Q: 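Take a look at this one; I'll ask things after.
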Amino acid sequence: MFASEEQDDFLKKFWELECVPSAKSLTREKISFKEIYINNLKILEDGRYSVGLPFGTLPTLGKYRINALKRFLSLERKLQKSPSILKQYCDFMDEYLLINHMELIASEELNTPSGQSSIYIKMNEQSTTTKLRVVFDASFKTSNDKSLNDFHLGPKLQQDIFNILIRFRTRPIAFSGDIEKMYRQIRIDSKDCDFQSILWRKKTP
């Protein structure tokens, strides 16, 4: 019995869909990123980890404070028009400071940070139940048209959805979880903290 052209095409698509992609060798960039990560990884006294930012070369950023301030003042005016959102924003920043995920910069250090990230809100305005999300924007351009993101080395960390779905088919039971404040559980090395400075002042509604 011979398969028709339509059946042959169907089987071909089926095998292409079910084929697991072969592992790719590490590129030079990924190898360099891995070496930077290993050399900067530390285990702190409280058992948490600390890593340095994955810079290929030390960032040479231009002036940023004036533009960052303009952007922050624009955000502040927008928040003043929405008291409920402003309160959520202030509560978020208060918690950030309370749990030591950020610290105040001493007045004598205000003009010395090596880099600056500004802040903006990202939220779904079509939903009344979506929790406010504060996003730190490392793509903010300085006066020399360079941002902090321009100096980060390394591949994307998110896994392809295909590989995730395949793993769900290899075992009879699958677990999923949500780690609270996952991206803040690993500390940034103190030598790189200046590259993540932000502008903020609290104005309650």
Side-chain angles (χ1 to χ4, degrees), residues 26-42 44 49-82 85-86 88-90 92-123 125 132-158 181-203:
L26 291 177
T27 62
R28 181 177 300 177
E29 181 188 29
K30 290 183 179 180
I31 292 174
S32 299
F33 173 77
K34 185 177 180 181
E35 290 175 348
I36 291 173
Y37 172 77
I38 292 174
N39 292 334
N40 286 278
L41 179 64
K42 299 175 184 177
L44 305 177
Y49 290 92
S50 169
V51 295
L53 294 177
F55 295 135
T57 57
L58 191 65
T60 52
L61 298 171
K63 296 180 180 180
Y64 56 84
R65 190 175 183 83
I66 294 177
N67 288 336
L69 180 59
K70 289 180 181 178
R71 189 170 178 179
F72 169 72
L73 293 176
S74 175
L75 168 66
E76 190 176 58
R77 288 192 295 270
K78 186 183 298 184
L79 289 173
Q80 290 287 340
K81 297 177 182 178
S82 303
I85 298 177
L86 173 58
Q88 292 180 63
Y89 207 102
C90 290
F92 175 91
M93 298 300 284
D94 286 344
E95 181 195 42
Y96 219 92
L97 187 61
L98 180 65
I99 60 180
N100 295 320
H101 286 183
M102 71 175 178
E103 63 182 6
L104 296 176
I105 297 177
S107 57
E108 62 271 16
E109 298 179 13
L110 286 177
N111 296 318
T112 61
S114 305
Q116 177 76 43
S117 297
S118 56
I119 310 172
Y120 67 93
I121 289 180
K122 181 179 180 181
M123 60 181 298
E125 297 179 356
L132 176 107
R133 294 181 58 201
V134 177
V135 180
F136 298 92
D137 183 14
S139 63
F140 177 69
K141 297 291 185 180
T142 63
S143 61
N144 64 355
D145 203 35
K146 296 292 184 180
S147 71
L148 191 63
N149 281 350
D150 292 330
F151 296 91
H152 279 186
L153 181 69
K156 68 180 181 69
L157 300 180
Q158 299 93 338
K181 300 177 179 62
M182 181 179 69
Y183 292 106
R184 289 192 263 146
Q185 298 305 320
I186 299 177
R187 292 184 176 273
I188 297 298
D189 194 297
S190 57
K191 65 179 175 56
D192 292 333
C193 284
D194 282 350
F195 291 106
Q196 295 190 327
S197 302
I198 61 171
L199 295 174
W200 171 248
R201 67 177 174 182
K202 183 176 180 179
K203 280 194 173 184

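Quick caveat, the model's predicted, so the values are computed rather than measured. Sequence positions, counted from 1, serve as the residue numbers for this chain.
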Q: Show the nearest heavy-atom pair for residues Cys90 and Lys203, with the distance to one decimal.
A: SG-O, 3.9 Å
Q: Between OH of Tyr89 and CD of Glu76, what distance do you get to the nearest 0.5 Å?
A: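 That separation rounds to 10.5 Å.
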Q: Does Tyr37 have more than 12 heavy atoms from other residues, nucleotides or ligands lying within 6.0 Å of its OH?
A: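 Atom OH in Tyr37 is not packed in, count stays at 12 or less.
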Q: Of all the heavy-atom pairs spanning Leu79 and Ile85, show the shortest one and how long it is.
A: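 So the two residues come closest at CD2-CG2, 3.8 Å.
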Q: Identify, with sequence neighbours excluded, every residue that meets side chain to side chain contact (heavy atoms under 4.5 Å, CB included) alongside Arg77.
A: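 So Arg77 forms a side chain to side chain contact (heavy atoms under 4.5 Å, CB included) with Leu73, Ser74.
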Q: Side-chain contact test, heavy atoms from C-beta onward, threshold under 4.5 Å: evaluate it for Leu41 versus Tyr49 and give yes or no.
A: yes
Q: Restricting to pairs with a member in residues 92-104, which pass salt bridge (charged side-chain N to carboxylate O under 4.0 Å, His left out), not counting sequence neighbours?
A: Asp94-Lys202, Glu95-Lys181
Q: Taking only residues two or more places apart in sequence, or in another chain, which ones meet Gln185 in a side-chain hydrogen bond (donor to acceptor under 3.5 Å, both in side chains)?
A: none
Q: Let me see the working for Phe195 and Phe151 under ring-ring contact (aromatic ring centres under 6.0 Å, His included), right down to the final yes or no.
A: CA-CA 11 Å; Phe195 291 106; Phe151 296 91; 8.7 Å; no
Q: Roughly how far, to the nearest 0.5 Å, is the CG atom of Asn149 from the NZ atom of Lys141?
A: 8.5 Å
Q: What distance separates Leu104 CG from Trp200 CH2, expressed to the nearest 0.5 Å?
A: 12.5 Å
Q: Could you pull out the closest heavy-atom pair between Leu53 and Ile188, with the gap in Å?
A: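 Closest heavy-atom pair between Leu53 and Ile188: CD2-CD1, 3.8 Å.
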Q: If every non-hydrogen atom of Leu61 is compared with every non-hydrogen atom of Lys146, which pair is closest and at what distance?
A: CD2-O, 3.8 Å
Q: With sequence neighbours left out, what residues match Ser190 under side-chain hydrogen bond (donor to acceptor under 3.5 Å, both in side chains)?
A: none
Q: Are any of the side-chain heavy atoms of Met93 and Met102 separated by less than 4.5 Å?
A: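 Yes, at least one pair of side-chain atoms sits under 4.5 Å.
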Q: Report the residues that fulfil side chain to side chain contact (heavy atoms under 4.5 Å, CB included) with Lys70, sequence neighbours left out, ordered by chain and then residue number.
A: Ile66, Asn67
Q: Less than 4.5 Å apart, side chain to side chain, heavy atoms only: is that true for Lys191 and Asn40?
A: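 The answer is yes, as the side chains (C-beta and beyond) meet within the 4.5 Å cut-off.
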Q: So Phe136 and Tyr96, would you call those rings parallel, tilted or perpendicular, with 30° and 60° as cut-offs?
A: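 Rings of Phe136 and Tyr96: tilted, as their planes differ by 30° to 60°.
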Q: Sequence neighbours left out, what passes side-chain hydrogen bond (donor to acceptor under 3.5 Å, both in side chains) with Lys42? Give chain and number order.
A: Asp189
